[in-house]
Amino acid sequence: MIETKIAVRNLIANSRRTLLTLLIIVVGLTAVLFIAGYINMVRVGFGELLIGEKYSHFQIYKKGFLDTNEPTSMAYSLSPEETAKIEEILSAREEVNFILPRINLHGMVGTTEDSKIFLGYSADPFYESFMTYGTIEQGIKLDMDDPYQCVVGKGLAKKMGLDLGAELLIQVPNEGGGLEAELVSVGGIANFGPEELNNTAVLTSIDIGRSLNYTDNNQYLLVMLHETQYLEDVLAYLKDEVARAGLDLEFRTWVEMDPFYQKVMRDYTFQLNLIAGIFLFVILLAVSNTIYMSIVERTPEIGTLRAIGISRLEIIRTILKEGLILGIIGVSIGVGLAYLIQILLRVVYVELPPPPSLTNPIRLAIGLRVKDVFMYSGLLAGCSTFATLFPGLKAANTNIVSALRHA
Amino acid sequence: MSDEIVVKVENLHKSYSMGKVKVPALRGLSYNFKEGFTVVAGASGSGKSTLLNIVGCLDLPSEGHVYLQGNDIAEMDEAARSRLRRSHIGFIFQSFSLIPVLSVYDNTEYPILRSALSKSERKERIMRILEDVGLGEYAHRFPRELSGGQMQRVAIARALAAHPKLIIADEPTANLDSKTGEKILELLGRIQKEQGASVIIASHDGNVLERISTKLFIRDGEVCND
Ligand SMILES: Nc1ncnc2c1ncn2[C@@H]1O[C@H](COP(=O)(O)OP(=O)(O)OP(=O)(O)O)[C@@H](O)[C@H]1O
Ligand SMILES: [Mg+2]
């Protein structure tokens with residue numbers, strides 16, 4: 001108590017130095033939290049985009065499929081019974097939004113005039129409609145009533161002169177080295193983003209995919225949850241239940257499916273931590289210097305305290321408390337400021353230029369995670385306290401006699 | 001006055017090193033401090049402060065023994081000496097040495113904060129001591145709001161807080177005008193009698209020497225018998 005009193009009052013007595021040091025801590029923490037909040041926003045936004053567009057939350061394969069490295073192979077696929085069992089298991093979890101069966105396709109599409117290579121997949125038309133992959137520019141997405149309607153990329157449509165209703169022969173190689181074919185018609189023309197996708201993408205109904213492969217099986221299942229936060233829970237449950245049911249399956253989460261996303265996030269986090277590290281170092285120096293100056297000025301006072309029998313430990317504690325108090329105050333203001341900025345950015349529109357892969361400018365926003373706030377606040381406050389250890393030790397070792405001689 | 005020995009110093013040597021040179025401050029000083037009031041007198045530089053610092057466990061002799069309560073302080077570690085200072089010795093310095101950020105009350109209470117006394121017991125004791133030194137009204141003032149004489153009285157109050165057996169006062173009146181100095185001496189004398197603490201005071205102030213009968217004269221770090 002007395003130590004806190006002395007610490008606080010000394011900080012107040014040196015108000016200018018204290019304020020400057022506080023400023024450094026506040027700026028440091030606010031900056032770090034701002035960046036952390038921004039990265040988190042990107043992480044969530046980018047992640048949800050990938051989930052909704054491409055991957056769903058996780059995908060289920062027959063064991064062995066991933067090892068074949070042949071995206072169109074049906075050698076490992078899920079029988080209708082297996083699919084039904086999985087659906088049954090997952091129906092117990094209300095976090096599950098829907099299950100979407102798919103078969104990857106790769107082959108040729110042809111009209112009477114022209115043929116081109118295509119890359120795509122067939123999927124359950126109803127559930128596929130919930131995926132945001134591809135913006136329909138003409139027609140509709142996969143027709144729920146007519147399995148013979150397909151969706152093509154707008155580049156492909158243009159190159160082959162395809163309009164809605166045009167007939168298209170889909171051919172895929174079979175295991176014997178021959179070709180399987182189905183005649184479908186163009187029900188939708190979509191923009192899939194990158195040009196190479198627009199030039200090659202074809203989506204068909206799952207029935208076409210099965211028929212091209214002479215099977216009733218699904219190649220893999222996409223599982224979409226109501227919210228990403230349920231992922232671990234549901235997946236753990238599913239793995240347990242699947243093992244109990246004796247099914248041989250493997251799973252991939254959306255994160256595992258996108259090495260690029262992982263790398264970007266790793267890079268971002270690394271940069272954030274680098275910046276945090278720099279601030280930690282600056283704070284270490286600033287606090288250490290402030291307290292050091294203060295104890296040098298207070299040498300006679302510290303000598304007196306030692307003379308009247310105040311122990312070294314108590315002296316160190318008093319000095320450490322100065323750092324701790326600086327840290328706590330600085331961190332509190334910093335956290336407050338960071339949340340204020342978060343709220344402000346919800347009200348005030350600040351535009352950022354579009355990132356490389358997007359065309360529209362994006363709105364600047366940050367999303368602070370409690371975890372990050374605690375971690376970086378703790379680090380900075382800890383650093384501020386730690387910074388006083390050296391001055392504190394020096395104070396504790398003050399030579400009493402010479403300190404008093406200079407009183 | 002009883003003849004009981006409070007502190008016994010034996011063959012004390014102390015030299016300070018200034019770079020490569022050793023400056024001798026005490027050269028084989030022996031003395032028995034008796035209960036009561038003792039003044040250590042001598043010219044400036046004769047070694048008064050050096051002696052008091054050693055007797056008060058603030059410093060160690062280069063050679064020799066200091067027996068306080070039967071223990072040789074030269075054999076104690078710093079933590080033990082620190083505890084001894086806190087519980088058995090009160091200090092009064094020439095420059096008052098109060099903690100500027102603490103009130104008169106807090107300054108006085110600091111040495112006994114970690115004692116076994118309860119908060120109310122401490123309060124009672126501190127207020128009584130402050131009354132005693134004539135600062136009852138000033139408990140909540142800060143050192144910067146006090147005169148030199150008042151500050152020295154706070155220092156005395158602080159020195160008394162733990163009810164020490166020994167009070168060490170190194171030129172307590174040197175920074176005060178003679179009238180204030182006299183009052184401080186009177187106060188010390190009264191307290192010494194009332195509390196039964198022994199007081200060792202260093203001074204080259206004629207006034208002080210006149211008032212106190214037990215004197216230790218030192219010259220060049222040695223007892224001087226003439
Ligand atoms: N820390 C130190 N380093 C070097 N020399 C010192 C130190 N402290 C004291 N001395 C020297 O030791 C001798 C005795 O000093 P001391 O302070 O004990 O004298 P004093 O009798 O208290 O003098 P004064 O009346 O001026 O206070 C002096 O020559 C002084 O210069
Ligand atoms: Mg002296």
Side-chain angles (χ1 to χ4, degrees), chain A residues 1-18 290-291 293-323 325-326 388 392-407, chain B residues 14 16 18 25 49-54 56-60 77-103 105-115 119 122 142-144 155 158-162 164 167-168 170-171 175:
Chain A
M1 189 47 210
I2 190 84
E3 291 160 4
T4 312
K5 208 183 226 177
I6 293 180
V8 169
R9 291 188 181 165
N10 275 314
L11 288 173
I12 293 171
N14 295 315
S15 55
R16 195 189 305 179
R17 232 160 30 203
T18 302
T290 300
I291 304 294
M293 273 156 65
S294 164
I295 67 141
V296 167
E297 285 166 12
R298 278 150 58 201
T299 300
E301 187 185 323
I302 291 163
T304 305
L305 288 176
R306 295 284 293 121
I308 65 171
I310 305 306
S311 70
R312 287 198 167 117
L313 191 67
E314 286 165 277
I315 303 281
I316 295 179
R317 270 203 315 247
T318 307
I319 312 287
L320 281 182
K321 276 191 182 163
E322 287 184 40
I325 290 165
L326 274 177
T388 55
L393 284 171
K394 190 178 152 58
N397 286 322
T398 297
N399 181 300
I400 303 173
V401 172
S402 62
L404 289 172
R405 259 163 73 90
H406 298 116
Chain B
K14 176 75 184 179
Y16 297 99
M18 304 250 296
S49 295
T50 305
L51 176 62
L52 260 59
N53 287 341
I54 292 172
C57 300
L58 296 177
D59 206 356
L60 288 173
D77 62 10
E78 169 48 35
R81 275 183 278 130
S82 184
R83 281 195 297 276
L84 191 66
R85 288 198 298 271
R86 188 186 285 211
S87 55
H88 284 87
I89 307 174
F91 288 93
I92 301 161
F93 305 101
Q94 181 178 336
S95 54
F96 321 137
S97 300
L98 301 177
I99 308 305
V101 296
L102 293 183
S103 68
Y105 183 90
D106 286 340
N107 261 288
T108 313
E109 188 193 32
Y110 205 160
I112 56 165
L113 260 185
R114 306 225 188 273
S115 67
K119 195 179 157 103
R122 287 200 306 266
F142 283 83
R144 62 173 178 278
R158 178 178 67 188
L160 294 173
I167 292 171
I168 304 249
D170 192 352
E171 313 218 23
N175 279 354

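First the proteins, then the strands, lettered A, B, ... as listed; each starts at 1.
Contact annotation for Q94(B): neither backbone nor side-chain heavy atoms come within less than 4.5 Å of a heavy atom of chain A. For chain A, the nearby part of L113(B) is the side chain; its heavy atoms alone come within less than 4.5 Å. Only the side chain of R158(B) comes within less than 4.5 Å of a heavy atom of chain A; its backbone N, CA, C and O stay farther away.
V8(A) is linked by a side-chain contact (heavy atoms from CB on, under 4.5 Å) to T4(A), I12(A), I325(A), counting only residues two or more places apart in sequence or in another chain.
By the 4.5 Å heavy-atom criterion applied to side chains, S82(B) and R312(A) are not counted as neighbours. Taking 4.5 Å as the limit, some side-chain heavy atom of I2(A) sits within range of a side-chain heavy atom of L102(B). Side-chain atoms of L404(A) and D170(B), non-hydrogen and from C-beta on, never get closer than 4.5 Å to each other. Side-chain contact check for D59(B) versus I400(A): every heavy-atom pair is 4.5 Å or farther apart. Side-chain atoms of Y110(B) and T304(A), non-hydrogen and from C-beta on, never get closer than 4.5 Å to each other.
Among the candidates N399(A), I310(A), I6(A), the residue making the largest number of heavy-atom pairs closer than 4.5 Å to chain B is I310(A). Of all the listed residues (R298(A), M1(A), K5(A), R306(A)), the one sharing the greatest number of non-hydrogen pairs under 4.5 Å with chain B is R306(A).
Among all heavy-atom pairs drawn from F93(B) and A307(A), the shortest one is CZ-CB, 3.8 Å.
Residue pairs meeting the salt bridge (Lys or Arg N to Asp or Glu O under 4.0 Å) criterion with at least one member in residues 87-101 of chain B: none, sequence neighbours excluded.
Taken to the nearest 0.5 Å, the CD1 atom of I308(A) stands 8.0 Å off from the CZ atom of R86(B).
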Working note: D106(B) + R9(A), criterion side-chain contact (heavy atoms from CB on, under 4.5 Å); need CA distance, chi angles, decisive distance, verdict. CA-CA 13 Å; D106(B) 286 340; R9(A) 291 188 181 165; 4.1 Å; yes
